[in-house]
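Input: a single structure, listed below in structure tokens.
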Amino acid sequence: MTIFYFTLKRSFANLANLIFLTAAPIACIFLPAGEGWPPLAYGYAYFGIVILFVAIRLAQIMMEDRVKGILKRLSVAPVRYFSYLGQHLLAYAVILILQSAVVVLGGWIAGQELHRPWALFALYVSFSFAALAMALAWISVFRSKDAAFLFYMSLIVLAALLGGIILPLEIFPDLLRRIAVILPTFWFAEGLKSIASAQPFADNVRINATLCLYALVFLVLGSTRRMQ
Amino acid sequence: MTLASMQSVLKRYGSCAALDYIDLEIHEGEIVGLLGPNGAGKTTLIQALTGILPVDQGRISLFGDSRNPFSDANKQKLGLVTQEIAVFEELTAKEGLEFFAGIYGLRREEKKKRVAEALEFVGLSAYANKVPHKFSGGMKRRLNIACALTHRPRLLIMDEPTVGIDPQSRNHILESVQKLREQGTTILYTTHCMEEVQEIASRVVILDQGQVVKEGTVQQLIETVRHEETIIFDVADPLGIPLRQVESIAGVSQVSVSGSRITVISAAGAGNLDRILSVVQQHSGVLGIQADKPNLEDVFLTLTGKQLRDREGSR
Amino acid sequence: MSLRTERTWLANGWRLLHFGFLTYLWIGFDDAENTFILLLLLFLLTSLRWRFELPAVFLLPDILICVLYFPYTSVSYYALALPIFEWAQRGRWPFSLSVFVALGFVPFFSGWLLWYFVLALFVGFFLDRYARNLEQWKKEADEQRKARQELERVKAELLEAQRSVSKQAELTERYRIARQLHDHLGHDLTGASLALQAHAYAEDPEEAKSLLQEVKSRLERSTHSLRETVHDATPVAPIGIENLERALLHFQEIDVSLRKSGDLLSVAAYQWSLLEACLKEALTNIVRHSDATAAEVTVQVAGAIVRLLVQDDGTPRENNAQSESGSGLRSLNMRARALGGSLSTSADNGFLLVCVLPLEQEG
Amino acid sequence: MRVLSTVRFTLLRLMRNYIVLLLLLAVPIALLTVFSVILSGMVDEAGRPYFDQTALTMVLAFQLFGGSTVMSYLNEDLFARNRERMTVAPFNRTLYAFSILLAGSAFSFLLGAAIMAYTRLVLGLVWANWGWTLYLIALMAVLSSIVCVIFVCGVKSFSTAERLSEVYGVGFVLLAGLFFPMPQHAVFEFMGSYGNPLTLSVGAVRAVEIGNWNEAWFQANIVLAAIGFLFPVMLVMGRRRLR
């Protein structure tokens with residue numbers, strides 16, 4: 001578990017990362033609620049975007065390993081690439097799960113209307129997995145850290161908009177609403193809606209399962225071993 | 001014992017062969033210097049030998065195992081110092097080393113001890129708790145080396161460990177390599193700097209265009225080109241010397257004058273210097289003589305017509 | 001290696017097109033969120049197939065998922081084209097045909113569906129053929145490479161043999177000359193020398209005169225036989241450096257200067273022939289591939305090696321210069337190595353060729 | 001005028017900076033296109049299309065980030081990679097910094113104008129008074145560049161300066177209440193109206209649309225005053241850092 005331990009350590013080593021990883025979720029707790037939209041308070045919708053950003057920032061650590069040649073060094077050491085990948089992802093998942101817990105727990109203590117905190121927590125966790133897997137697949141294509149991050153940032157904004165996190169899907173034209181379903185962000189927004197409108201439990205399961213499916217797909221695509 | 005060997009290894013990038021049927025053997029206790037200009041295929045060779053790059057043809061064996069050379073047991077005995085500075089910027093020197101020690105399965109006390117040793121070895125003990133972000137180039141290089149030492153490899157492969165650093169750090173690194181050898185580590189060392197190789201290598205392999213051009217001890221290699229000698233005379237009256245006459249001495253291939261300095265390139269061997277000197281002395285007072293012995297740079301120049309060190313410092 | 005990637009690249013292209021088409025169908029005709037999960041599931045299976053080499057049996061889950069979705073969405077019928085393609089691609093086209101049976105269960109039979117299946121079958125079939133052909137070519141290329149290596153080995157052996165033969169010939173010739181000198185010249189000269197000694201002690205003038213006569217005739221005979229021996233031993237064809245000079249004389253496209261230094265006589269004939277070949281190859285290369293206006297040829301003999309340097313002042317035309325001229329230089333390189341030397345070229349600063357050969361140790 | 005000869009290259013560098021082009025041109029264009037599809041046909045209480053408001057806000061909001069190029073070029077040329085070379089060169093570095101400032105602002109302004117042209121030509125949006133809008137885009141571009149120069153000269157670490165500039169951009173967008181309503185508090189209310197260059201310039205353009213030129217000049221002049229106030233600050237900071 002050396003890699004796991006040090007990944008955690010590195011994630012928090014950078015001051016900017018530290019602020020980003022702790023302050024952003026806490027800020028999300030205290031954002032106000034809107035009128036009719038979004039289904040939960042603003043912060044709970046925007047936390048989805050935060051998760052996407054955190055995921056790419058964390059995944060960049062792996063990208064750095066590849067670009068700087070640490071991966072070469074590891075491939076000469078008696079460590080399987082699979083174990084390297086697994087321990088990294090585990091560490092990131094732990095960070096994201098903790099963040100989700102902080103947001104849900106904090107909201108519950110601060111008296112936000114969360115409807116079903118457990119379902120919300122589960123939604124955040126499965127969305128975190130999907131976000132991590134997407135970030136992993138994304139960085140496997142790039143060589144430059146900045147380019148990867150800025151590109152992804154633009155895509156996040158677009159996906160959040162098209163997926164219905166920033167604006168309600170109901171006002172979208174028909175075609176856009178259909179296309180939105182392709183995006184994982186849609187399923188996240190859908191999950192929030194389902195929690196707020198007290199849909200049956202099975203509905204939540206369906207949405208979480210879809211998000212996990214996304215995670216699997218991108219994990220398979222992103223786990224290719226690259227050296228350069 | 002042969003620790004590592006390559007047999008007619010071929011590696012292509014597209015249609016050009018980065019390794020063109022290479023044969024190489026590394027025996028226990030050697031320091032093998034792999035010498036060649038930029039782009040000769042040194043890094044490719046190392047990546048092939050360590051299993052980072054799959055090769056197109058040929059056989060590689062590590063520690064006598066050619067069936068499964070890159071098994072964990074073999075990797076445990078192998079150390080690689082990468083050409084890039086592959087250290088963690090966010091972690092302190094000590095933490096970074098602990099990471100790599102952990103990768104190689106070292107635990108607790110053992111790990112602490114080995115990390116302290118490695119830091120001591122590269123002379124960074126005083127900076128153990130500093131983040132490499134602020135290190136100088138030479139210190140980063142040394143840390144980069146330490147990362148490959150905590151598990152005490154039997155075979156250490158160093159890919160240009162001295163690129164772009166100050167002479168002091170460089171001397172330190174060269175001394176460390178000598179010390180490692182005394183402790184029984186076998187080392188494969190690539191560089192395009194011939195002084196380093198001349199200083200430390202027990203055997204030299206010269207690589208050019210993906211082929212082994214020549215190999216042998218430094219002495220052997222120099223023997224093969226011990227044909228020329230550059231003799232520089234500082235004379236009082238350079239104009240008075242009959243260059244034609246000097247040129248006509250058997251063995252002299254080139255005579256040139258610049259200022260009060262006459263440079264004669266001649267075949268090495270007893271008597272030549274005498275004959276040239278006697279001609280020169282007849283016509284002018286000689287203030288000083290300097291004769292350069294051939295070095296590896298000349299070997300390379302003779303074999304390929306290329307300078308080893310073109311473009312150095314451009315990275 | 002690269003052949004395989006090319007093949008999978010094409011297969012991936014089709015897979016992506018297929019999913020693009022399914023997504024289009026799904027957006028255009030069926031916007032139930034749940035049926036999108038069908039696409040996700042199939043995509044997951046396909047990406048697994050992309051990452052790992054899975055056996056053909058693993059297409060059954062695809063079919064199962066599609067069948068389960070039959071009642072819910074028409075996209076699932078079209079999705080069956082993927083197993084058709086994958087099987088055809090693996091050369092198992094009878095399996096592909098069995099999928100066509102599903103057409104019988106389609107509540108609305110659409111011609112488009114049939115044609116889409118046929119297209120998938122055809123593309124898969126094509127890729128299979130293509131891959132087999134590539135495999136074939138690869139094998140042939142490997143065999144040729146092997147044959148070429150064999151040839152090169154034989155060539156090296158021949159060169160070695162040539163070297164020893166020429167050395168043998170030289171020794172034989174030397175022996176013949178030595179014998180001739182010994183038999184005729186040696187005999188007569190010894191005789192003359194003895195006669196001269198006798199002449200010194202001769203008291204009778206008549207005897208002295210006849211002795212002198214004998215010395216004279218013996219010396220005449222030996223001069224004659226010496227002339228004959230030398231005449232026999234002098235080669236008619238130019239050798240050594242003269243040959244190189246002649247080659248340069250015939251070469252008039254650009255200015256070439258020749259510099260030579262050292263004891264050129266210590267270079268053996270078989271080495272000259274290689275040096276000459278190198279020179280000619282270099283000059284041809286210069287004319288063919290560069291815009292050089294002048295070239296300098298240097299032949300140096302020093303210590304234990306002979307070195308030939310050809311340097312021009314042109315910039316080599318990039319692109320195919322390397323590959324075209326490759327085979328000639330390659331073979332020369334082989335020959336140089338067979339003689340224990342080396343040959344290398346560089347295009348960094350004009351075209352440069354260096355050939356170094358070790359000299360025979362005297363004695 | 002040795003500095004003048006460098007301007008051409010500064011502009012070339014700006015134009016070939018693909019990441020900046022992506023972030024400040026491609027992204028707003030993509031977002032505006034999406035918004036124009038989503039919001040087509042929707043009008044607010046006053047009967048004006050929602051999209052007008054969104055497009056205006058976005059064009060001006062992206063100007064808040066326009067200073068980042070000035071900042072990174074200043075850092076690279078004067079404080080980081082080319083520092084030694086620039087210091088030994090016999091030319092006026094203050095003037096050079098100033099030329100970068102101007103070129104960066106002009107480039108940001110041009111990007112803003114390009115986005116406007118896109119909305120007009122492709123999305124068919126009619127700008128009520130494009131000259132006035134361009135004036136405000138220019139003000140915003142200059143303001144953001146000046147602020148970024150202050151950051152890069154005032155803070156030792158460049159990455160901190162970068163974070164600060166992000167805070168400047170994202171902060172004013174948040175304070176303008178574009179993502180979610182700000183809490184009811186005097187400070188937030190001020191920062192959401194007269195304390196916020198984004199709302200000020202949006203307000204100035206809106207005021208012209210309804211013909212209220214007094215209000216328009218008032219709001220625009222506050223931004224101008226901010227520039228006037230920050231300019232000497234920038235000079236002082238810059239001189240101290242360059243010495």
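Chain identifiers are assigned alphabetically (A, B, ...) following the order of the sequence lines, protein sequences preceding nucleic acid strands; residue numbering begins at 1 within each chain.
- Interface residue L31(A): only side-chain heavy atoms are found under 4.5 Å from chain D.
- For L31(D), the parts sitting under 4.5 Å from any heavy atom of chain A are the backbone and the side chain alike.
- You'll find the side chain of F35(D) reaches within 4.5 Å of the side chain of L167(A), heavy atoms only.
- Shortest non-hydrogen contact noted between V37(D) and P173(A) is O-CG, 3.3 Å.
- In terms of non-hydrogen atom pairs under 4.5 Å with chain A, the most contact-rich of L39(D), V27(D), L23(D) is L23(D).
- Residue-environment remark: CZ (F12(A)) exceeds the threshold of 12 foreign heavy atoms within 6.0 Å.
- Of the two parts of I38(D), the backbone and the side chain both hold a non-hydrogen atom closer than 4.5 Å to a non-hydrogen atom of chain A.
- Rounding to the nearest 0.5 angstrom, the gap separating the OG atom in S154(A) from the CG atom in L24(D) is 10.0 Å.
- Looking at I19(A), there are no atoms closer than 4.5 Å to chain D (heavy atoms on both sides), in backbone or side chain.
- Contact annotation for I171(A): both backbone and side-chain heavy atoms come within less than 4.5 Å of a heavy atom of chain D.
- Looking at F151(A), both its backbone and its side chain come within 4.5 Å of chain D, counting heavy atoms on both sides.
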